Amino acid sequence: MAVFSRGFGARRRESDANLPPGQYLTEDFPVLSAGPTPRVDTAEWSFGVRNESGELVSWTWDEFMALPIEDVSTDIHCVTRWSKLGTSWRGVSLDTVFEHVDTDAAFAMAHSYGGYTTNIPLEDLLGGRSWVAFEFDGAPLDPEHGGPARLLVPHLYFWKSAKWVHGLTLMDDDEPGFWEQNGYNMHGDPWTEERYW
Ligand SMILES: Nc1nc2c(c(=O)[nH]1)N[C@H]1C(S)=C(S)[C@@H](COP(=O)(O)O)O[C@H]1N2
Ligand SMILES: [Mo]
């Protein structure tokens, strides 16, 4: 019995260490969308980055798939308090995207098909911490979860991971996106509970 409780305790502590304050674990994958699910055909899809001078760099689906693709295993944390550990994704790193972008901007606004927006500091998009993801758990991303492609910024609360992402607009000054205009935090670090204003 002592061995069992020590082992059980150790496992609990291990997952607790990966769980930001105020979060609980979920095994399923809740769908949270502010509106209807847009249906975007990959033949119509594009992803573009507009810099602070107004210059646009954009990719079609086939062009985007020709960029280096990474496998990502990461924990995700929703501000509504669920966290899911060890999720598997495939996508293109924002570091790769930004190799093609000329900018000194400090902030980005992510834009989605359907009109959703969310603001993210550029430093949170770079450094191997953010991706445009198009596979989850070895399969194409479900439309409900943002397919064909979504932003994946797993070190911030999951509302920053814009589903059906269509592009980024780079900005010198921070501006609030959809949830940020409605009381959510401008940054959204789950470890310091940057939940609301
Ligand atoms: N385009 C778009 N992206 C979005 C949202 C949304 O409503 N529209 N909701 C956000 C919120 S609040 C969360 S928690 C996650 C939920 O992603 P999921 O539905 O795949 O769990 O998507 C984020 N990205
Ligand atoms: Mo959320």
Side-chain angles (χ1 to χ4, degrees), residues 18-42 44-50 58 61 64 71-92 94 97 107-121 124-125 129-169 175-197:
N18 293 323
L19 206 53
Q23 297 292 112
Y24 62 83
L25 287 176
T26 182
E27 293 298 328
D28 49 68
F29 194 176
V31 171
L32 277 141
S33 304
T37 295
R39 303 285 158 168
V40 187
D41 197 320
T42 54
E44 313 287 310
W45 184 89
S46 70
F47 180 78
V49 182
R50 191 175 294 280
S58 74
W61 183 262
F64 205 76
D71 288 298
V72 182
S73 175
T74 188
D75 305 338
I76 54 180
H77 312 288
C78 176
V79 73
T80 62
R81 298 186 182 272
W82 58 265
S83 290
K84 191 171 169 60
L85 304 185
T87 59
S88 322
W89 306 80
R90 266 163 85 75
V92 171
L94 269 292
V97 166
F107 300 94
M109 186 70 78
H111 296 266
S112 296
Y113 289 97
Y116 185 84
T117 55
T118 187
N119 54 308
I120 305 158
D124 287 279
L125 290 179
R129 297 193 293 171
S130 302
W131 296 266
V132 173
F134 44 81
E135 279 187 27
F136 175 80
D137 244 354
L141 190 57
D142 280 343
E144 288 72 21
H145 286 298
R150 77 181 297 162
L151 211 57
L152 178 64
V153 191
H155 70 287
L156 299 180
Y157 282 123
F158 212 35
W159 88 78
K160 299 290 185 179
S161 294
K163 304 197 282 189
W164 317 294
V165 70
H166 186 25
L168 304 173
T169 306
E175 286 176 33
F178 174 76
W179 282 119
E180 294 82 6
Q181 290 171 37
N182 289 286
Y184 283 24
N185 192 271
M186 292 293 271
H187 185 228
D189 180 354
W191 294 96
T192 54
E193 291 200 73
E194 293 175 337
R195 295 176 188 274
Y196 310 108
W197 288 349

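All of these numbers come straight from a predicted model, not from anything done at the bench. Atoms within each ligand, like the ligands themselves, are counted from 1 in listed order.
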_Heavy-atom donor-acceptor pair, T117 side chain to F178 backbone, under 3.5 Å_ = yes
*Just by distance, do the side chain of D71 and the backbone of R90 share a donor-acceptor pair under 3.5 Å?*
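Judged by distance alone, no pair lies under 3.5 Å.
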List the closest protein heavy-atom neighbour of [atom]: residue, atom name, distance to the nearest 0.1 Å.
atom                    : value
atom 11 (C) of ligand 1 : W159 CA, 3.6 Å
atom 13 (C) of ligand 1 : F158 O, 3.8 Å
atom 19 (O) of ligand 1 : K163 NZ, 2.6 Å
atom 9 (N) of ligand 1  : L32 O, 3.2 Å

Check: [X]/[Y] side-chain N/O donor and acceptor closer than 3.5 Å:
X    : Y    : value
S161 : W159 : no
S112 : K163 : no
H77  : S83  : yes
H187 : D124 : yes

Atoms in ligand 1 with a heavy atom of [X] nearer than 4.0 Å:
X    : value
W164 : 1 (N), 2 (C), 8 (N)
A34  : 6 (C), 7 (O)
A162 : 3 (N), 24 (N)
P30  : 18 (P), 19 (O), 21 (O)
S33  : 7 (O)
C78  : 14 (S)
S112 : 1 (N)

So is there a nitrogen or oxygen of [X] less than 3.5 Å from a nitrogen or oxygen in ligand 1?
X    : value
S161 : yes
F29  : no
H145 : yes

_Worked check of side chain to side chain contact (heavy atoms under 4.5 Å, CB included) between Y113 and W45_ = CA-CA 9 Å; Y113 289 97; W45 184 89; 3.7 Å; yes
*Mark the output for R150 as yes if a heavy-atom distance to ligand 1 is under 4.0 Å, and as no if none is.*
yes
*Any non-hydrogen atom of W82 lying under 4.0 Å from ligand 1?*
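The answer is yes, since W82 has a heavy atom less than 4.0 Å from ligand 1.
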*asked:* Can you confirm whether or not the ring centre of F47 sits under 6.0 Å from the ring centre of H166?
replied: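 Not under 6.0 Å, so no.
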_Charged N-O contact under 4.0 Å between E144 and R39_ = yes
*Please walk me through it: do E180 and K160 pass salt bridge (Lys or Arg N to Asp or Glu O under 4.0 Å)?*
CA-CA 10 Å; E180 294 82 6; K160 299 290 185 179; 2.7 Å; yes
